[in-house]
Each structure stands twice: as structure tokens, then as C-alpha cells.
**Student:** 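There's a structure below that I have some questions on.
These numbers come from a predicted model, not from an experiment.
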Amino acid sequence: MSLTACNSDSDAAASAAGSTPSKAAKASPAAEPNGIEKLSAKEIYDTGMKTNAQSGAFHEKMEREGTKSDLRLSATECVGTVEISEKGSFEIIRKGTDIWAKPDATFAEGMNSALGKTSFFTDKWTHGTSSNALMAKLASWCHPEQFTAPDTLDAASKATKGKVTTVDGQPAVPVVLAGRGESVTWFVATTGKPYFIKQDSTRADMQDLTDSDFGTAVGAKAPSGTVVAAPNA
């Protein structure tokens, strides 16, 4: 189970580094019960993650103290924005191995200061590929592993399942992992396909996440406007 927190290092590469995955969806029209709540906590979690991956694409929103992202994702595409506490924000586009990023003034200043040269501009897109370490760090927020290697709950996990509840208007079964006064709850839809739709956490090292718009194509395209080559990190 991947529970990685966001990196807070101050150098350019660390400034670009991402966090871990996301998750709320609306029930599909006339969605029928899927019976997921009858399974064990691990089976519910694993099925939810696998179903998300099989959807091919979804809209993910993440938020934790001072950091948030709003991204449309697939295994090969990513479009959206990332805002990092005290470091600014940037737009990101990923299509295959190509990655484009455009920062706000705060993020550009921090990146350029760490690099020792002006390589990021608020009015230009910086382009590189996944072989460029710096651009790969920026694109790490896109978490393609959610599609290529969906997460599974540890066999030894003490997570438990709760009673079916309603999450953003959709029936869902919670899987709860609690300890030391903290908890994280994952919700999986009990009607329609058993998507993993939301994560609520009181842990400092984990985010609140919602996933929606399953199966909607990302439609990433190369940006218009001026594009400059990414520097080496």
C-alpha cells in the first residue's frame, strides 16, 4: 500500500517532486448494487483500485495542508494544476513521454533560484521528456502507476470495513485503517462499477482525495504559445 507524502526539500528537483495518489464519483445512471460490501476489507480496497485502473482515465483532486492538485489522468496522459505550499503552482501536461509545465511567478522564482539560471517563465511552457530528471519530477504528480500497477492493501493490514454510507450522493462502503488516534478511510462505490471514489485522512502524511469522471478521455495536447527546452536538473 503506497502512502508516500509530498517532498518538502528546497532544491529544484525536490520542488518538482510529487505526492501519492487520489479519489469522488457520481453513480452512473440507474446504477445497480454491485455487492462489493460483502467482501473483506482487503478485497474491497484491492477491487476499488483495480476498477479505477481498468477505467482507463479519471479526474483526481487531492488536498492536504497547504498542497493541492486538480488533474485529469490516464496511464499516458495528464492535464491539470498543482499547488505546493509556499512554493507556488504550475500547470502540467503529459502526453506519452512528452511533458510540458508552466509555473506561476512564485514557482518560477524558486525553480530558477535553485537552478542558478532562468529556465522557467510564467508566460512560456517548458518542455522536456520523461528522460529529463526535472520534468519527470514534475510529472510524478500524475501517478501513472495507478493504472499500470494499482495499489493493494497489505495482507497484514488491520483495516476494517464499515457499514454502507453515502459519499457525495453515492452509496459506498468504507474501509478504515485506524491507530494512534489517527485514521484513513477509503470509500468504494456499492452501485455501478466498484470504483475507489474517495480517501479521507486525519494523518499528516496522507491526503484527502476524490476520483470521478471514470473513463472520460484526458485529451492531452501540446500547448499553444511559446515553448522553451527544459534544463538539465
Side-chain angles (χ1 to χ4, degrees), residues 1-23 49 52-53 55-104 106-108 110-115 119-120 125-152 184 196 199 201 203-211 218 220-223 227-233:
M1 179 177 61
S2 57
L3 305 178
T4 312
C6 295
N7 194 319
S8 59
D9 294 344
S10 58
D11 59 41
S15 294
S19 73
T20 358
S22 92
K23 287 105 201 144
M49 287 292 195
N52 281 23
S55 75
F58 52 78
H59 182 195
E60 174 181 292
K61 291 186 178 182
M62 179 279 292
E63 188 166 358
R64 56 180 292 183
E65 187 175 355
T67 305
K68 59 184 178 182
S69 63
D70 187 339
L71 302 166
R72 292 188 176 275
L73 309 171
S74 75
T76 59
E77 295 182 307
C78 173
V79 175
T81 59
V82 176
E83 183 177 336
I84 307 172
S85 177
E86 299 180 0
K87 295 181 181 179
S89 64
F90 61 92
E91 297 177 66
I92 184 80
I93 299 174
R94 174 179 173 248
K95 185 174 179 62
T97 60
D98 287 298
I99 302 164
W100 296 265
K102 186 165 71 170
D104 69 358
T106 302
F107 195 84
M111 294 292 283
N112 292 334
S113 176
L115 289 166
S119 298
F120 285 84
W125 288 89
T126 299
H127 170 260
T129 67
S130 53
S131 63
N132 179 289
L134 186 57
M135 298 307 288
K137 289 280 188 180
L138 290 169
S140 69
W141 287 85
C142 297
H143 299 294
E145 70 278 1
Q146 293 185 89
F147 300 92
T148 59
D151 197 26
T152 57
V184 57
F196 181 19
Q199 171 179 301
S201 177
R203 292 173 47 164
D205 64 337
M206 295 186 68
Q207 310 92 329
D208 290 335
L209 310 163
T210 62
D211 283 355
V218 175
K221 297 179 181 179
V227 177
V228 296
N232 293 320

**Student:** When you measure from the side chain of Ser55 to the backbone N and O of Asn52, does any donor-acceptor pair fall under 3.5 Å?
**Tutor:** yes

**Student:** With no hydrogens and no angle check, is any side-chain donor or acceptor of Asn112 less than 3.5 Å from a backbone partner on Ser119?
**Tutor:** yes

**Student:** Please report the interatomic distance CD(Glu91) to OG1(Thr126), rounded to the nearest 0.5 Å.
**Tutor:** 11.5 Å

**Student:** Indicate the atoms forming the closest heavy-atom contact of Ala222 with Trp100, along with that distance.
**Tutor:** CB-CZ2, 3.6 Å

**Student:** Rounded to the nearest 0.5 Å, what separates atom OG1 in Thr97 from atom CE in Met135?
**Tutor:** 11.5 Å

**Student:** How about Asp104 and Ser89: does a side-chain donor come under 3.5 Å of a side-chain acceptor?
**Tutor:** yes

**Student:** Under the 3.5 angstrom rule, does the side chain of Asn132 hit a backbone N or O of Pro231 as a donor-acceptor pair?
**Tutor:** yes

**Student:** I need the Ile84 CD1 to Phe107 CZ distance, nearest 0.5 Å.
**Tutor:** 5.0 Å

**Student:** Between CG of Leu71 and CD of Glu77, what distance do you get to the nearest 0.5 Å?
**Tutor:** 13.0 Å

**Student:** How long is the straight-line distance from CD1 of Ile99 back to CD1 of Ile93, given to the nearest 0.5 Å?
**Tutor:** 11.5 Å

**Student:** For Gln199 and Gln207, indicate whether the former's side chain and the latter's backbone hold a donor-acceptor pair under 3.5 Å.
**Tutor:** yes

**Student:** Under 30°, 30 to 60°, or over 60°: which ring-plane class applies to Trp141 and Phe90, parallel, tilted or perpendicular?
**Tutor:** perpendicular

**Student:** Does any N or O in the side chain of Asp208 come within less than 3.5 Å of the main-chain N or O of Ser201, such that one atom is a donor and the other an acceptor?
**Tutor:** yes

**Student:** When rounded to the nearest 0.5 angstrom, what distance separates NZ in Lys68 from NZ in Lys61?
**Tutor:** 9.5 Å

**Student:** Does the Arg72 side chain pair with the main chain of Gly80, one donor and one acceptor, at a distance under 3.5 Å?
**Tutor:** no

